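Positions are given from 1, in the same order as the sequence printed here. Just so you know, these numbers come straight off a predicted model, no measurement behind them.
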Amino acid sequence: QVQLVESGGGLVQAGGSLRLSCAASGSIFSINTMAWYRQAPGKQRVVVASISSVGRIDYVDSVKGRFTISKDNANTVYLQMDSLKPEDTAVYYCAALKPGQIYWGQGTQVTVSS
């Protein structure tokens with residue numbers, strides 16, 4: 001099992017910044033990829049950014065140049081979100097991917113006001 005605890009969400013004005021954190025614990029050795037997803041009201045949950053165990057990083061086009069995903073040596077993944085837009089408003093979910101399995105964080109609300 002993998003446990004993911006998220007923090008860092010909140011309310012920010014357009015143009016502002018937030019940093020989300022996701023602390024992973026449990027059986028973490030076989031995690032291939034960690035990712036951030038988001039789900040806006042009335043929309044499907046979509047991947048925003050991912051980072052693999054060998055350092056491959058990918059972003060959805062809409063956040064390129066504004067968001068940065070990273071990991072540290074304490075089993076924590078981050079999503080630095082800059083130049084936030086109202087369209088970024090969503091519940092953000094941390095995810096850990098193993099072969100045939102995905103584990104989810106509890107979600108953290110990000111609200112960007114205009």
Side-chain angles (χ1 to χ4, degrees):
Q1 286 289 326
V2 174
Q3 293 80 46
L4 303 172
V5 179
E6 303 178 33
S7 63
L11 174 65
V12 66
Q13 290 195 332
S17 297
L18 287 172
R19 189 178 75 159
L20 306 182
S21 299
C22 175
S25 62
S27 300
I28 64 174
F29 299 115
S30 59
I31 295 173
N32 300 129
T33 301
M34 296 194 71
W36 289 97
Y37 288 70
R38 68 186 182 189
Q39 187 167 22
K43 296 187 177 181
Q44 292 185 318
R45 188 176 300 184
V46 298
V47 66
V48 175
S50 63
I51 183 166
S52 78
S53 60
V54 296
R56 176 172 177 162
I57 293 174
D58 291 286
Y59 300 98
V60 68
D61 286 345
S62 60
V63 309
K64 287 181 178 177
R66 300 189 298 119
F67 290 11
T68 304
I69 190 170
S70 62
K71 293 189 294 183
D72 66 12
N73 293 324
N75 301 313
T76 301
V77 64
Y78 304 93
L79 186 67
Q80 177 68 43
M81 304 185 294
D82 298 318
S83 301
L84 281 162
K85 304 175 180 180
E87 305 90 87
D88 297 317
T89 295
V91 177
Y92 284 71
Y93 297 90
C94 180
L97 281 64
K98 294 185 176 184
Q101 183 68 58
I102 185 168
Y103 299 90
W104 296 101
Q106 81 278 11
T108 185
Q109 177 70 48
V110 171
T111 302
V112 184
S113 63
S114 61

Same apolar cluster: V91 and V110, side chain cutoff 4.5 Å: no
Qualifying residues under salt bridge (charged side-chain N to carboxylate O under 4.0 Å, His left out), relative to R66, sequence neighbours excluded: D88
When the side chains of residues 27-34 are checked against the rest of the protein, which donor-acceptor pairs come out under 3.5 Å, sequence neighbours left out?
unit_1, atom_1, unit_2, atom_2, d
S30, OG, K98, NZ, 3.4

Over all atoms of both residues, closest heavy-atom pair of A14 and S114: CB-CA, 4.4 Å
pair V77-C94: side-chain heavy atoms closer than 4.5 Å: yes
Selection residues 95-114 - residue pairs positive for ring pair (Phe, Tyr, Trp, His ring centres under 6.0 Å), sequence neighbours left out: Y37-W104
Shortest non-hydrogen contact between I102 and A95, atoms and distance: CD1-CB, 3.9 Å
Point-to-point distance, once rounded to the nearest 0.5 Å, from OH of Y78 to NZ of K71: 12.5 Å
Residues that D82 engages under side chain to side chain contact (heavy atoms under 4.5 Å, CB included), provided they are two or more places apart: S17, Q80
Heavy-atom closest pair, residues L4 and A24: CD2-CB, 3.6 Å
Nonpolar side-chain network containing V46, other nodes, edges under 4.5 Å: none
T89 side chain to V112 backbone, donor-acceptor under 3.5 Å: yes
Would you mind writing out the side-chain donor-acceptor pairs for residues 48-58 within the sub-3.5 Å range, not counting sequence neighbours?
unit_1, atom_1, unit_2, atom_2, d
S52, OG, V54, N, 3.3
S52, OG, G55, N, 3.3
S52, OG, R56, N, 3.0
R56, NE, D58, OD2, 3.0

Residue pair L20 / G9: nearest heavy atoms and the distance that separates them: CD2-N, 3.6 Å
Flag side-chain contact, heavy atom, 4.5 Å: L18 against L84: yes
Set of residues satisfying salt bridge (charged side-chain N to carboxylate O under 4.0 Å, His left out) with respect to D61, sequence neighbours excluded: K64
V60 reachable from I69 in the ILVMFWY side-chain graph, under 4.5 Å edges: yes
side-chain hydrogen bond (donor to acceptor under 3.5 Å, both in side chains) involving T111 - partner list, sequence neighbours excluded: Q109
Distance-minimising heavy-atom pair for A35 and V47: CB-CG2, 4.2 Å
Nearest heavy-atom neighbours spanning R38 and S62: NH2-OG, 3.5 Å
Residue list, side chain to side chain contact (heavy atoms under 4.5 Å, CB included) with Q44, at least two apart or on another chain: none
Side chains of W36 and E6 in contact at under 4.5 Å (non-hydrogen atoms): yes
Pairing residues for K43 by the salt bridge (charged side-chain N to carboxylate O under 4.0 Å, His left out) criterion, not counting sequence neighbours: none
Q13 atom CD, neighbour heavy-atom count above 12 within 6.0 Å: no
Partners passing side chain to side chain contact (heavy atoms under 4.5 Å, CB included) against Q39 (at least two apart in sequence or in another chain): R45, Y93
All pairs passing disulfide bond (SG atoms under 2.5 Å apart) where residues 25-64 contributes a residue, at least two apart: none
